[in-house]
Structure formats: C-alpha cells, structure tokens
Amino acid sequence: MNNLRILVTNDDGIMAPGLRSLVTELSQIADVVVAAPDRERSATGHAITMFQPLRAKDMEVPGAQAAYAISGTPADCVKLAIDALFPGQIDLIVSGINRGANLGTDVLYSGTVSAALEGVMLGLPAIAFSLAEYMDPVFEPIASLAKDLVQALWQKPWPPDTLLNVNVPQLEVAALRGVKVTTLGHLRYNNPILTRQDPWGGTYYWLAGQAPEDNNVEPTDVWAVNNGYVSLTPIHFDLTDYRLLDTIAGWDLQLPNNRGR
Ligand code: MN
C-alpha cells in the first residue's frame, strides 16, 4: 500500500515551531511535504495574492521530503502546492499547529483554518490543528497527539469535502478529557479597540480585546476547550443560512420592472 501523502501548511510561517513539531511527528506515519508562508501570516483569513507574483523558495524542513517557503498567504500556499508544486501528489492537508486557538467566529479570521478550507475547496480533505495557548505554547505533546488523531481519522469514511477543525487545550495529554465533536461558538470581544496617542499627538488604533466571560455552552468548541476536551468541529465553506431560505422566499420579493407580471 502506498504511503499517505500529507501537505503540511500553516499561517505562523515555515519557521514556526508548531509546524516543525507537526512535520516531525507526521513524517512517522506519512510522506510529508510542506508549503507554508515565508513569514507569519496569522489573521489573514482566506486572502489570496492577485496583484503580485508569488515566489516559492526551496527549504530544508526536518522530516519533510520537500518544503517551500512561499511569499504569499496560507490560501496561496495551498493553491500553489496542489496546482503547481505537488500536483496529484497529496491525499490530505494538515494545517498547523497554530499558536493560539481557532475557535468559534474566529475561524473566519484564521489563516490556519482558511488554508485547510482552501484544500477542501480544491477537493481534498483537510484538518486544521490549533493549540489553545498563545503566550507559552508547548507543541511537542500536541504534535504527537495530532499524529495519532490523523492516523485514526484517516481510517474513517470521510465525505469528499470534509474539513475538521481541531483545537487542543494546553494540558498534560493524560489530563485531556477526550474528543468532543462540537459546533462553532461565538466570540464577541470586550474592549476590542485600543485608542492611543503616538509621540507626535496623532491618534492610532490597535485591534485587541479579550474574549468575554464564557457564554458559550455545550456543544460549542469554546465550551469544549474551556472544559479540557479536544474539540473537533466539522466545517464547510457553504455559509448559506438554510434556516432562512423558506422565510425569505415567502417575502415574495419582486424587481420593479417585473411588477404586475
Ligand atoms: Mn497563527
């Protein structure tokens, strides 16, 4: 049987320890190639580069059979990997391990999740891994857990366009309470904008803010991570609100020039 072939990417950049740990671990169970941004690209969401060329620089990443540092966004990296750098050579995309959680509505800002979503849009299954610790992350135990999870998940009957968003709290692995299948929660930040003065008296703004007191309940991803579970949320790019289709169809909207027809 051929080896599983995994593309590893991220949004923290190709030098990030989270990616390096993930590649080291996954290379024990799969043929791993890497296409990741040449610098940190966190919070770039699903942006792509349209009005500049992209460069892919050959890199050495321990455990990877090939690796490229790309002068673009996470979504650019996945597009380039699948259509140009490793065409027909990838079975699964694994994005991460991100420094910091990607939970709830934050997934819309996340380059980590967007890279995985780009893979799904191009027809490949994908998993995004994030460690829910920003200030003092320790990636190795989580990378080992990610390897075990990838191995277990790959045996399952995945629908073709599956994206799994995995968030892991930073606990001793033995202290994790298990895997919860979750929904996306809602993170609304308190004091989201700092307003300050620069040395010359001009005003500047800094996007910041803390997540509010936890108002996310089971079965959300936020709740799961706050309660010591590994959170696993299936995500799809179809943002249609199916709950509203019938209601809005019932509004019987008409264009002015269709009046009376
Ligand atoms: Mn990041």
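This one's a predicted model, so the numbers in the text were calculated from it and none came from an experiment. No hydrogens, no waters, no symmetry mates; every other heavy atom, side chains included, goes into these values. Counting starts at 1 for both ligands and their atoms, in listed order.
Using a 4.5 Å heavy-atom threshold, the side chains of Asp12 and Ser42 count as touching.
Note on the Mn ion (ligand 1): protein N, O or S atoms under 2.8 Å away count 4, no waters included.
When the salt bridge (charged side-chain N to carboxylate O under 4.0 Å, His left out) test is applied to Asp246, no partner is found at least two apart in sequence or on another chain.
Side-chain atoms of Thr233 and Thr182 form a donor-acceptor pair, as typed in the model, at a separation below 3.5 Å. Side-chain N/O atoms of Thr112 and Asp11 include a donor and acceptor closer than 3.5 Å.
Sorted by first and then second residue, the side chain to side chain donor-acceptor pair (under 3.5 Å) pairs with a member in residues 77-89 read Lys79-Glu118; sequence neighbours excluded. Screening residues 21-37 for salt bridge (Lys or Arg N to Asp or Glu O under 4.0 Å) gives Glu25-Lys147 as the qualifying pairs, with residues at least two apart or on separate chains.
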